[in-house]
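Each remark here refers to the structure printed beneath this line.
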Amino acid sequence: MKDVTAGEAWGSPQALNSGGGSVVRRILLGSQLRRLRESHGITREAAGYSIRASESKISRMELGRVSFKTRDVADLLTLYGVDDEAERSALLSLAKEANVAGWWHSYSDVLPGWFPTYLGLEGAATQIRGYEAQFVHGLLQTEGYAHAVVEQGMKGAAREDIERRVALRIERQKLLVDERAPEVHIVLDEATVRRVQGGREVMRGQLEHLIELASLPHLTLQIMPFSHGWHPGESGTFTILTFPESDLSDVVFLEQLTSALYLDKREDVAQYEKAMTELSDQCPSPEDSVRLLRDALSELA
């Protein structure tokens, strides 16, 4: 498996949704610069020398992991023989747009280093699909539930840091009611709605919230019941992100304890797409899943 930003499938710079677009623009620009460099047979070391930087910085630039200085991009374009003014202008504009800070920038003090990339990709996606094995998906959490989960995951942290992380999670959820809201399809393991987080009152509020969200026209929610036994999600939680540009590959996000993987290799993504399809097919329908949620809610009465 590999990091998404190392893939071949990121395509040409086109119009992107606001919010998460800067992250995707960095990836697109980095991919363009890599292709230009390779097409001219120029090594990363030579490219780095031309902008007074190291080979590793060129690698990070091509992977979309760092911001871009317009001067560096201009020098690289000259080195790569890009002298057409229209092409140069488009790529230099992309460099400027890629440096626009996302809305989450003000929360950087409480964000894991690997998470801003996900927030950018999530904000730019037109479709979000995923399976959650332990917790309700972050986009679907109530403030009370989010507080309970964050507090568990940040034991010993300052109260202010916990509150800011919760505020960040709630801020993310605005995309669900945005006029350009993505299509969202989430499969929750029954464990996520049976395991009480934050006490019975908090959990009742979370279940009521899920039932309400299930009525949104662009959101599909299904519950994988205990009674089903083994299913394709047994390997763990995952999220698949799809973007509006046809030449942008889907990305699979796998969160780990202290890091994350972003996969875009075609064969890797295909496996997760297959798992998502099978999960959906094997789950009760959205209507039956709501009934399961109502049953769980009645047991907390």
Side-chain angles (χ1 to χ4, degrees), residues 122 125 127-155 159 162-163 165-178 181-240 253-255 257 272 275-301:
E122 182 181 74
Q127 185 180 48
I128 300 171
R129 292 169 289 165
Y131 167 72
E132 289 286 338
Q134 299 295 328
F135 302 103
V136 170
H137 192 284
L139 290 177
L140 312 181
Q141 293 179 8
T142 63
E143 184 173 352
Y145 183 97
H147 197 283
V149 171
V150 170
E151 196 167 41
Q152 292 174 41
M154 296 178 66
K155 290 187 182 298
R159 174 61 54 183
I162 292 174
E163 297 298 339
R165 182 74 71 84
V166 172
L168 167 71
R169 189 161 300 184
I170 300 305
E171 185 73 18
R172 279 173 60 195
Q173 297 174 5
K174 289 183 178 179
L175 68 83
L176 291 179
V177 293
D178 190 272
E183 292 292 325
V184 178
H185 185 177
I186 302 297
V187 173
L188 299 176
D189 192 274
E190 187 174 352
T192 68
V193 299
R194 294 292 185 180
R195 182 177 292 112
V196 176
Q197 303 284 355
R200 295 172 71 86
E201 183 177 350
V202 167
M203 200 63 203
R204 281 198 297 270
Q206 178 62 70
L207 293 175
E208 290 169 349
H209 185 58
L210 289 174
I211 292 169
E212 182 179 353
L213 287 175
S215 65
L216 292 176
H218 57 278
L219 191 148
T220 300
L221 178 63
Q222 292 179 276
I223 309 297
M224 175 57 75
F226 291 139
S227 59
H228 187 276
W230 185 92
H231 57 77
E234 293 289 351
S235 60
T237 294
F238 63 87
T239 300
I240 306 171
F253 170 71
L254 303 174
E255 183 175 353
L257 186 60
Y272 283 95
M276 187 67 198
T277 297
E278 292 179 352
L279 277 167
S280 180
D281 290 343
Q282 294 174 25
C283 271
S285 68
E287 294 76 18
D288 288 339
S289 293
V290 168
R291 281 191 278 272
L292 191 154
L293 288 172
R294 293 190 186 282
D295 289 343
L297 179 61
S298 67
E299 292 176 17
L300 287 174

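Residues F226 and E190 approach most closely at N-OE1, 2.7 Å, considering heavy atoms. Summarising the geometry of Q141 relative to V136, their closest heavy-atom pair is NE2-O, 2.8 Å, with the distance given to 0.1 Å. Of all non-hydrogen atoms in Y272 and I240, the two that sit nearest each other are O-CD1, 3.6 Å. In plain terms, the two heavy atoms of G130 and M276 that are nearest each other are O-CE, 3.6 Å. What you find for V202 and Y145 is that their closest heavy atoms are CG1-N, 3.5 Å. Taking both residues in full, the closest heavy atoms of P284 and P225 are given as CD-CD, 3.4 Å, listed atom of the first, atom of the second, then distance.
Taken from CG in L279 to CZ in R129, the straight-line distance is 11.5 Å, to the nearest 0.5 Å. In this structure, CD in Q134 is found 5.0 Å from CZ in R195, a value given to the nearest 0.5 Å. For the atom pair CG of L188 and OH of Y131, the computed distance is 9.0 Å after rounding to the nearest 0.5 Å. One finds the NE2 atom of H231 at 4.5 Å from the CG atom of D189 (value rounded to the nearest 0.5 Å). Taking CG of L140 as the reference point, atom NE2 of H209 lies at 6.5 Å (rounded to 0.5 Å). Atom-to-atom distance recorded for L139:CG and L176:CG is 5.0 Å, nearest 0.5 angstrom.
Under the side-chain contact (heavy atoms from CB on, under 4.5 Å) rule, L221 has a single partner from V290, V184, I186, which is I186. If you run side-chain hydrogen bond (donor to acceptor under 3.5 Å, both in side chains) between H185 and each of H218, Q127, Q222, only Q222 comes through. When each of Q206, E151, H147, Q152 is paired with Q197, the side-chain hydrogen bond (donor to acceptor under 3.5 Å, both in side chains) condition holds for Q152 and for no other.
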Point to revise | Test log, rule side chain to side chain contact (heavy atoms under 4.5 Å, CB included), inputs E122 and T239 | key: CA-CA 10 Å; E122 182 181 74; T239 300; over 6 Å; no

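Under 3.5 Å, the side chains of E255 and T237 contain no donor-acceptor pair of N or O atoms.
For E201, the CD atom counts as loosely surrounded, since its 6.0 Å shell holds 12 or fewer non-hydrogen atoms of other residues, nucleotides or ligands.
We find that E299 and R204 are not joined by a salt bridge, their nearest charged nitrogen and carboxylate oxygen being 4.0 Å or further apart.
The closest donor-acceptor contact from the side chain of S298 to the backbone of D295 lies under 3.5 Å.
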